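Everything below concerns the one structure shown next.
All values reported here derive from a predicted model rather than from experimental measurement.
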Amino acid sequence: TGCPVNNTTWYESAQYCNHLSTKKGLMTCYNCSKNSLGVYTCQIKSAYAGNKIYNCPGYRLPTEAEWEYAYRAGTTTATYKGNLADCTQDSTANKIAWYGKNSGYKLRPVGGKDPNAWGLYDMAGNVWERCHDLYVPNLGKTAATNPAGPLTGGNRSMRGGDLWEFAEATRASRRGGKPLKSVGTSTGFRCIRTLPFP
């Protein structure tokens with residue numbers, strides 16, 4: 001008990017965000033439907049396509065840019081607790097994440113490691129976290145403000161690494177991609193909102 005959500009598709013993750021939005025009386029960010037077998041499929045609402053996703057008032061999955069910004073919490077080192085001395089097993093990684101050298105290869109309850117400066121736990125390790133963006137292997141070197149990923153692609157981005165990997169996977173820059181319908185014991189998500197500007 002107390003372990004992170006896992007074994008959900010990207011669609012189920014988006015639908016859960018919609019559920020939270022509806023519960024709070026907020027506009028939803030995704031159009032979701034369920035077939036006769038109870039399987040969800042979801043699309044981003046056209047009103048919030050591309051960078052307009054930041055205008056959605058409801059809950060949603062974070063863009064990669066938002067996820068990394070939240071992970072770093074103002075830091076510039078490899079992890080929010082400092083740099084790694086070893087890419088396989090590392091004392092800094094041990095402080096912030098459940099990963100292949102300390103997890104015992106099983107999910108661990110959330111909040112068991114040090115949070116970042118903004119009080120966010122489990123930004124690395126335990127389970128990969130699904131992102132809003134479609135995945136591209138190379139983000140390029142061009143600076144971008146509030147990017148929301150490409151408009152076409154087959155996989156969705158994930159961040160944070162998981163309980164099976166070496167210490168290097170706890171880095172803020174660690175990225176991956178998975179098909180929308182895929183599930184896995186080490187794949188989860190967290191919901192966010194764009195807060196209204198004053």
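With hydrogens and angles ignored, the 3.5 Å screen pairs no side-chain donor or acceptor of D114 with any backbone N or O of I96. With hydrogens and angles ignored, the 3.5 Å screen pairs no side-chain donor or acceptor of R175 with any backbone N or O of M158. No donor-acceptor pair under 3.5 Å is formed between the side chain of S21 and the backbone N or O of G58. Judged purely by atom type and a 3.5 angstrom limit, D86 has no side-chain atom pairing as donor or acceptor with the backbone of D90. Within the 3.5 Å criterion, the main-chain N or O of T8 finds a donor-acceptor partner in the side chain of R130. Remark: the backbone N or O of T9 is not paired with any side-chain donor or acceptor of K181 at under 3.5 angstrom. Between the R156 side chain and the Y11 main chain, no donor and acceptor come within less than 3.5 Å of each other. Checked by atom type and distance alone, the side chain of D133 pairs as donor or acceptor with a backbone atom of E64 at under 3.5 Å. Remark: the backbone N or O of V127 is not paired with any side-chain donor or acceptor of D162 at under 3.5 angstrom.
F189 has its side chain within reach of Y16: a pair of non-hydrogen atoms, C-beta onward, lies under 4.5 Å apart. Proximity of F166 to Q89: side-chain heavy atoms (C-beta onward) are nowhere separated by under 4.5 Å. Two residues are said to be in side-chain contact when any heavy atoms from C-beta on lie closer than 4.5 Å; E66 and I192 meet this criterion. Contact annotation: the side chain of N55 never approaches that of T194 to less than 4.5 Å [non-hydrogen atoms, C-beta and beyond]. A 4.5 Å side-chain heavy-atom check between L84 and T170 finds at least one atom pair inside the cut-off.
Looking only at atom types and distance, the side chain of T63 has a donor-acceptor partner in the side chain of Y54 under 3.5 Å away. For the residue pair Y59/N18, the side-chain donor-acceptor check at 3.5 Å is not satisfied. For the residue pair W10 and Q15, no side-chain donor N or O sits within less than 3.5 Å of a side-chain acceptor on the partner. N126 and W98 form no side-chain donor-acceptor contact under 3.5 Å, judged by distance and modelled atom types alone.
Salt-bridge check for E68 with R171: failed, with every basic side-chain N at 4.0 Å or more from each acidic carboxylate O.
Rounded to the nearest 0.5 angstrom, N102 CG and N94 CG are separated by 5.0 Å. Annotation: the span from L163 atom CG to E165 atom CD amounts to 9.0 Å, rounded to 0.5 Å. Here SG of C56 is found 8.5 Å from CG of L26. Values are rounded to the nearest 0.5 Å. Residue W164 holds its CH2 atom at 7.5 Å from OG of S186, rounded to the nearest 0.5 Å. One distance of note links NZ of K24 with CZ of R193; it measures 9.0 Å at 0.5 Å rounding. Between atom OG of residue S157 and atom CH2 of residue W67 there is a gap of 11.5 Å, rounded to the nearest 0.5 Å.
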Would Y121 and K113 count as a side-chain contact (heavy atoms from CB on, under 4.5 Å) here? Give the steps. CA-CA 7 Å; Y121 289 87; K113 295 292 182 177; 5.9 Å; no
Between T187 and K178, does a side chain to side chain donor-acceptor pair (under 3.5 Å) hold up when you go through it step by step? CA-CA 9 Å; T187 303; K178 260 193 174 177; 2.7 Å; yes
Test disulfide bond (SG atoms under 2.5 Å apart) on C191 and C17 and set out the steps. CA-CA 6 Å; C191 301; C17 291; 3.1 Å; no
Which pairs would a plain distance check flag for residues 37-51, meaning a side-chain donor or acceptor within less than 3.5 Å of a matching protein atom at least two apart in sequence or in another chain?
unit_1	atom_1	unit_2	atom_2	d
K45	NZ	T28	O	3.3
K45	NZ	T28	OG1	2.7
N51	ND2	N146	O	2.9

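Minimum interatomic distance between A148 and I53 (heavy atoms only, all atoms of both residues): CB-CG2, 4.1 Å. Scanning both residues, Y99 and T88, for their nearest heavy atoms gives CE1-O, 3.5 Å. Here the closest non-hydrogen pair linking L120 and R190 is CD2-NH1, 4.4 Å. The nearest pair of heavy atoms linking R108 to G104 is NH2-N, 4.0 Å.
Both Y30 and L20 are members of a single hydrophobic cluster when ILVMFWY side chains are connected at heavy-atom separations under 4.5 Å.
Evaluated for a side chain to side chain contact (heavy atoms under 4.5 Å, CB included) with L61, the options C29, C131, S13 yield exactly one hit, S13.
Between Y80 and Y71, the ring planes are perpendicular. Angles over 60° get that label, and only those under 30° would be called parallel.
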